[in-house]
Asks: 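Sharing a structure with you now.
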Protein chains: 2
Amino acid sequence: MTQPTICPKFEKAISLLSQRWMALVIYQLLLGTQRFSEIQSSIGISGKVLSDRLKELEHLDIVKREVIPQTPVLIEYSLTEKGHSMEPILRTIENWSQDWVNPESKVSAD
Amino acid sequence: MTQPTICPKFEKAISLLSQRWMALVIYQLLLGTQRFSEIQSSIGISGKVLSDRLKELEHLDIVKREVIPQTPVLIEYSLTEKGHSMEPILRTIENWSQDWVNPESKVSAD
DNA sequence: TAAACTTAGTTACGTAAAGTAATCAATTTA
DNA sequence: TAAATTGATTACTTTACGTAACTAAGTTTA
């Protein structure tokens, strides 16, 4: 028994990044400030889930939400300092994928 | 429109790591060869999902499965070269989590 | 011989998360 | 007044996950 007990901070980071679309939303915002519909069309996420994810990212101080009172109202999303601090994670995954991922075969087992 | 189109290899890596428990299973195997029940108790995953994840990881050549014909039969799981090549990803997440994650607050929004 | 134990894995069933599409609210334009 | 636009929500369906009981094969115990 005596399982090594995984670090709670690490476990929390993993549970964040394991949520579907989470990493892609952050990755997309690394390109700069974007609006709701831009993120939506660039990664193909549904409005419902994007709304959920952005709320959680805002809550975690990873994403900043700014209302631009124009015609019609615009809402701009951008990364906070904490959000930008995640760039190495995304880059490491990006680099690994270039070396090791075969885009042909399926991810799921047959 | 003309969305930037995310790299398929990157997208596939993300969809792999976005599956629940996937990263933790690999992280656990970075410690060395382990048996089914060891992985299960160390990260608290159900037998059903662990079975699914190990099958997929084996299919993707990230995990190697070895049958030890003993009494009762033992099955050892270990990382392949491709599996070990993912270590930097896990370490980067680990490092980030130490600097930025507050283990007190919830991951999900209230 | 038969019951009980061990390890790896599966099956059935219930719950939770995600996808789809229609709709809403606010504002401007035709 | 009606249409269009942007961000967001609601109702409903589908998929993923969790729980717990169970199977299979061999071994020890009674």
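This structure is a prediction, so every number in the text was calculated from the model and none was measured. A, B, ... follow the sequence lines: proteins, then strands. Residue 1 opens every chain.
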Asks: Is any side-chain N or O of B:R65 closer than 4.0 Å to OP1 or OP2 of C:dG9?
Replies: yes

Asks: Sorted by first residue and then second, give each salt bridge (charged side-chain N to carboxylate O under 4.0 Å, His left out) pair with at least one member in residues 64-81 of chain B; sequence neighbours left out.
Replies: none

Asks: Measure CD/B:Q40 against C1'/C:dT7 and give the value in whole Å, please.
Replies: 10 Å

Asks: May I have the distance from A:L74 (atom CG) to D:dT5 (atom P), rounded to whole angstrom?
Replies: 14 Å

Asks: Using a cut-off of less than 4.0 Å, is there contact between a side-chain N or O of B:K55 and OP1 or OP2 of C:dA8?
Replies: no

Asks: Nearest to the side chain of A:S51, heavy atoms from C-beta on, is which of D:dT6, D:dA8, C:dA8?
Replies: D:dA8

Asks: Less than 4.5 Å apart, any side-chain heavy atom of A:M86 and any of A:L79?
Replies: no

Asks: How long is the line joining CD of B:E66 and P of C:dA8, in whole Å?
Replies: 14 Å

Asks: Taking side-chain hydrogen bond (donor to acceptor under 3.5 Å, both in side chains) as the definition, give me every residue that meets it alongside B:S18, ordered by chain and number, with sequence neighbours left out.
Replies: none

Asks: I'd like to know whether A:V49 forms a side chain to side chain contact (heavy atoms under 4.5 Å, CB included) with A:R20, so could you lay out the CA-CA distance, the side-chain angles of the two residues, the decisive distance to 0.1 Å, and finally the verdict.
Replies: CA-CA 9 Å; A:V49 180; A:R20 202 164 186 182; over 6 Å; no

Asks: How many Å lie between CG on B:L54 and P on C:dT7, as a whole number?
Replies: 17 Å

Asks: Are B:Y77 and C:dT7 close enough that a side-chain N or O sits under 4.0 Å from OP1 or OP2?
Replies: no

Asks: Using a 4.0 Å heavy-atom cut-off to protein, can you give one letter per nucleotide of nucleotides 15-25 of chain C, 5' to 3': B if the base is in contact, S if only the sugar-phosphate is, - if neither?
Replies: ---BBB-----

Asks: Return the set of residues passing side-chain hydrogen bond (donor to acceptor under 3.5 Å, both in side chains) with B:S85 (not counting sequence neighbours), or none when no residue passes.
Replies: A:W96, A:W100

Asks: Shortest non-hydrogen contact from B:G83 to B:I26?
Replies: O-CG2, 4.5 Å

Asks: I need the CZ-C1' distance between A:F36 and D:dG7, as an integer number of Å.
Replies: 6 Å

Asks: Identify, with sequence neighbours excluded, every residue that meets side-chain hydrogen bond (donor to acceptor under 3.5 Å, both in side chains) alongside B:S97.
Replies: none

Asks: From CD of B:E56 over to C1' of D:dC17, roughly how many Å is that when rounded to an integer?
Replies: 14 Å

Asks: Could you report the tightest heavy-atom contact between B:A23 and B:L90, atom names first, then the distance?
Replies: O-CD1, 3.8 Å

Asks: Got a sec, which pairs hit ring-ring contact (aromatic ring centres under 6.0 Å, His included) with one end in residues 25-55 of chain B, sequence neighbours left out?
Replies: A:F10-B:Y27

Asks: Rounded to the Å, how far apart are A:I75 CD1 and D:dT5 C1'?
Replies: 13 Å

Asks: What's the angle between the local helix axes at either end of the helix from C:dT1-D:dA30 to C:dA30-D:dT1, using five pairs per end and rounding to 10 degrees?
Replies: 30°

Asks: Quick one: which residue pairs count as a salt bridge (charged side-chain N to carboxylate O under 4.0 Å, His left out) with a foot in residues 82-91 of chain A, not counting sequence neighbours?
Replies: A:E87-A:R91, A:R91-A:E94

Asks: Quick one: closest heavy-atom pair of B:I68 and B:V73, and the distance?
Replies: O-CG2, 3.6 Å

Asks: Is there a side-chain contact between A:E38 and A:L31, using heavy atoms and a 4.5 Å cut-off?
Replies: no

Asks: Report, one pair per line, the protein and nucleotides 2-4 of chain D atoms (nitrogen or oxygen only) whose separation is under 3.5 Å.
Replies:
none

Asks: Mind calculating the distance between CD1 (A:I68) and C1' (C:dT27) to the nearest angstrom?
Replies: 16 Å

